[in-house]
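Because the structure is predicted, anything quoted here is derived from the model rather than measured.
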Amino acid sequence: MLGGGGLVAANVYATASESGQTQAGQVLASGAATIDCPDVGSQLTAVPDEAKAEVDKELALLDKQIAEAYQRLQQSTQAIQQDGAFAENSIMNPLKDKRAATIERIAIAVDRVGDRPQGLEPFAACILRASGNQGEQGGDGQNGDQGGEGQQQDGDNQDNQGQDGQNQGEGQDNGQGQGDEQGDQQGGNGGQGGNGPVAADFVDIKSVQPNVQSASKQGNASRGTFSTACGVNANGLFNSDNVIVAPGVTNGAHHFHDYVGNQDNNAFASDQDLANGDTSCENKGDKSSYFWPVIRLQNGAQEQDAGSPGGGIEGNAGEIVTPKQVTMTFVGNPQSKVTEMPKLLRIITGDAKAFVNGNANANASWSCTGFEDRQLKDKYPLCPQGSDVVRTFKFQSCWDGNNIDSANHRTHVAFADANGVCGNGFKAIPQLVQRIVYDIDAPSLNDGGRTTPLFAVDSFPEQLHKPVTDHGDFINVFDEGLMGEMVDCINGGRKCDAADGAGDGDGGGGAGEEPGNSPSPTPENPPGGNNGDDDPADNGNGNGNGNGNGNGGENTPSPTPTATAPSGGNNQDEEPADNGAENTEKPSADSTQAPNPADGEDKGNGEAVPKTESSPSAVQSDEAAATGGGDDNDLGGAVPGPEPSSASVLEPQATSGGLADTGTQLWPAAAGALLLLAGFVLLRRINSRQT
């Protein structure tokens, strides 16, 4: 009886554990787990100049380590199926050790010339967590929510870390790039090396409620706009560097960028190189660098980087889409006049790691022409026929008055508060509103994008190409004279175009003139698909856009002050200053220092505690859309996740290994049960004879 019972127990336990390990491998193989590492760079708010170069290289190494670990995770399916502890023992623990050594080198580098940073040790540990891609039902792309961005505005800091994406995986020859999944079961499709996008990352823009509002300006507001035209990167200037975040590091971004403006931007570009570089801008006084992650169609096309780092080797696969139109418009402040930006000022908006970092610094904004009163943060839009995809970046508009960059690329600039006020003594500067239009057909979600391919931005591997990770970068290399003209134009309430020598691009409209703020109609099929159809070279005046960015200011994701387009789908005569100038899309300057405790950091003892699983909410908040005065790029719905344990955790394992999964492997237990039953019968017979 004892032997039989023991055999039953041992077999059931072993078989359940083995099944759990098998399911863990299936979960990982399907792209349902991602590596979540705390962001070390965001904690380094004060790095001495003498240590910056070394610290930047070590931070880039941290990104490389995650990329390599994610790649190994994807390549270790069989080993994980055979040993459920393989991922932790062979991938996550070594990653922790490497990160700990790198973090220690960062601390030593700073300690040599300044005060040693405290509280970084807990940031070495990463976790495996569910990605949300497993078994997601796409359907019409809504997945039970709308992904709209009318989320409440509570002043979370939205200035961007801007660490550019790395996307791991193999993902080059995926046919339509959609893996083996059928229908709208998109978990782990082959979109970008098996790690996204998925159907549930998309939403029909017509199902999203309008969530952009406009706010009135105060008497001293700077109401003007200044636009600059720099093309659409038709010449194909790409690289996978990031001179802001990882200077001197080849492939520091781990994905391709589109570059317009300055033509000499790479990892090794010095300030002098940028100042002497050529420019694609019509006004040669604008040598600024504007760059952002490319968008790719998941169609299996072999691009120039198909076999290179930053491209196919790291899972960024498919055809790169050249924008149809790019407009850059600088707008004013709803409360005050603006001051000139310092030359070589660096600003990064959005968070390339928002999927694992949480939404606090996210600033993605997705919409469709003709529907730009509806903005999305964590969904890609499905646009109706005749309407184009629009992504918009509204950059920080408050400057500390001293620094052109900061150690974490955040604290020297900030977003104004909900009323447009720059806090902490920061100065209002012209706000860059960047609007990029793409002629992309809505993908076919019912067949996994095989008929019409999915699209996605390049990203870090662990970010799974989520739209919330979108981000943009800007380096100011305007001539001082042209920058002065910009400020005079904006403060004077005029509409100006750099190509026209900063004159009144459309006849102006004096300082007291306000464009209409009525919400735009949202036609089922907007006529002409929006003025995004116009040639980008005309975005100054020639296409009826006024300043070429009519909706630039309204392309903000959330209920905020933003001017919306009149009928006709998005008439760009609308003045973006009434949107962007509001500056109400982000938190005040003080929120750009270190993340506050609400973001998962414990400041009480001076030690930073890493955030973990705070994946972005995909739920639209209609109530927030009605609040009006909120930040128009705030993701207020983000909920901080729990603190990570020191050990890696593969969450999907928690739901695997049940008896229902193990029935075919229980024959030893059946034999044990027979032994147990036989022993019981024998015992009864012995007892009967004794009585």
Side-chain angles (χ1 to χ4, degrees), residues 131-133 136-149 165 167 176-178 184 186-187 189 191-192 195-208 211 255 292-299 316-321 323-324 350 352 354-355 359 362-372 374-385 387-393 435-446 448-449 451-459 463-472 532 555-558 615-620 635:
S131 68
N133 283 356
E136 284 188 347
Q137 296 297 323
D140 59 0
Q142 298 181 51
N143 195 32
D145 57 59
Q146 310 233 338
E149 294 319 316
N167 209 326
Q176 286 292 341
Q178 306 313 321
D184 50 20
Q186 291 288 315
N189 67 24
Q192 295 242 19
N195 58 353
V198 296
D201 291 329
F202 294 81
V203 62
D204 185 346
I205 194 66
K206 292 184 291 185
S207 69
V208 179
N211 54 22
H255 66 229
W292 53 83
V294 299
I295 284 183
R296 299 183 194 249
L297 297 180
Q298 308 305 286
N299 57 6
N316 291 310
E319 176 185 347
I320 295 173
V321 182
K324 180 178 185 177
F355 184 62
N359 300 19
N363 189 22
S365 184
W366 296 88
S367 190
C368 302
T369 55
F371 297 87
E372 292 180 58
R374 314 167 188 204
Q375 294 293 324
L376 304 167
K377 285 190 189 303
D378 53 6
K379 298 288 182 183
Y380 295 115
L382 297 172
C383 301
Q385 186 174 5
S387 176
D388 294 325
V389 173
V390 181
R391 66 198 280 214
T392 304
F393 303 111
R435 181 173 178 271
I436 311 172
V437 180
Y438 296 87
D439 183 6
I440 301 176
D441 293 333
S444 54
L445 302 185
N446 60 337
T451 303
T452 306
L454 306 182
F455 63 88
V457 294
D458 278 13
S459 77
Q463 306 301 318
L464 308 181
H465 298 276
K466 299 299 183 183
V468 75
T469 65
D470 199 13
H471 55 281
N555 300 340
T556 53
S558 33
S615 61
S617 165
V619 180
Q620 176 183 6
L635 281 164

Are the side chain of [X] and the backbone of [Y] linked by a donor-acceptor contact shorter than 3.5 Å?
X	Y	result
Asn211	Gln375	yes
Lys379	Asp204	no
Ser387	Thr369	yes
Asp201	Val198	yes
Ser444	Thr452	yes

Which heavy atom of [X] sits nearest a heavy atom of [Y], and at what distance?
X	Y	answer
Val457	Lys466	CG2-O, 4.3 Å
Ala364	Lys377	O-CG, 3.5 Å
His471	Ala352	CE1-CB, 3.3 Å
Asn363	Phe393	O-CD2, 4.4 Å
Lys206	Arg374	O-NH1, 3.3 Å
Thr469	Ala354	CG2-N, 4.1 Å

How many angstroms lie between [atom1] in [X] and [atom2] in [Y], if you round to the nearest 0.5 Å?
X	Y	atom1	atom2	value
Leu464	Phe355	CG	CZ	5.0 Å
Asn316	His255	CG	NE2	7.5 Å
Ser459	Asp470	OG	CG	10.0 Å
Leu376	Ile205	CG	CD1	4.5 Å
Ile440	Leu382	CD1	CG	11.5 Å

message: When you compare the side chain of Pro384 with that of Phe371, does any pair of heavy atoms fall below 4.5 Å?
response: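 Contact flag for Phe371/Pro384 side chains = yes.
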- prompt: Heavy atoms, side chains only, cut-off 4.5 Å: are Pro323 and Arg391 in contact?
  reply: no
field: side chain to side chain contact (heavy atoms under 4.5 Å, CB included) assessment of Ile295 paired with Tyr438
entry: CA-CA 9 Å; Ile295 284 183; Tyr438 296 87; 3.6 Å; yes
task: Could you tell me how the ring of Tyr380 sits relative to the ring of Trp366: parallel (under 30°), tilted (30 to 60°) or perpendicular (over 60°)?
output: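 Answer is perpendicular, since the angle exceeds 60°.
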- request: Begin with the C-alpha distance, continue with both residues' side-chain angles, and end with the deciding distance and a verdict on side chain to side chain contact (heavy atoms under 4.5 Å, CB included) for Leu445 and Leu454.
  value: CA-CA 8 Å; Leu445 302 185; Leu454 306 182; 3.5 Å; yes
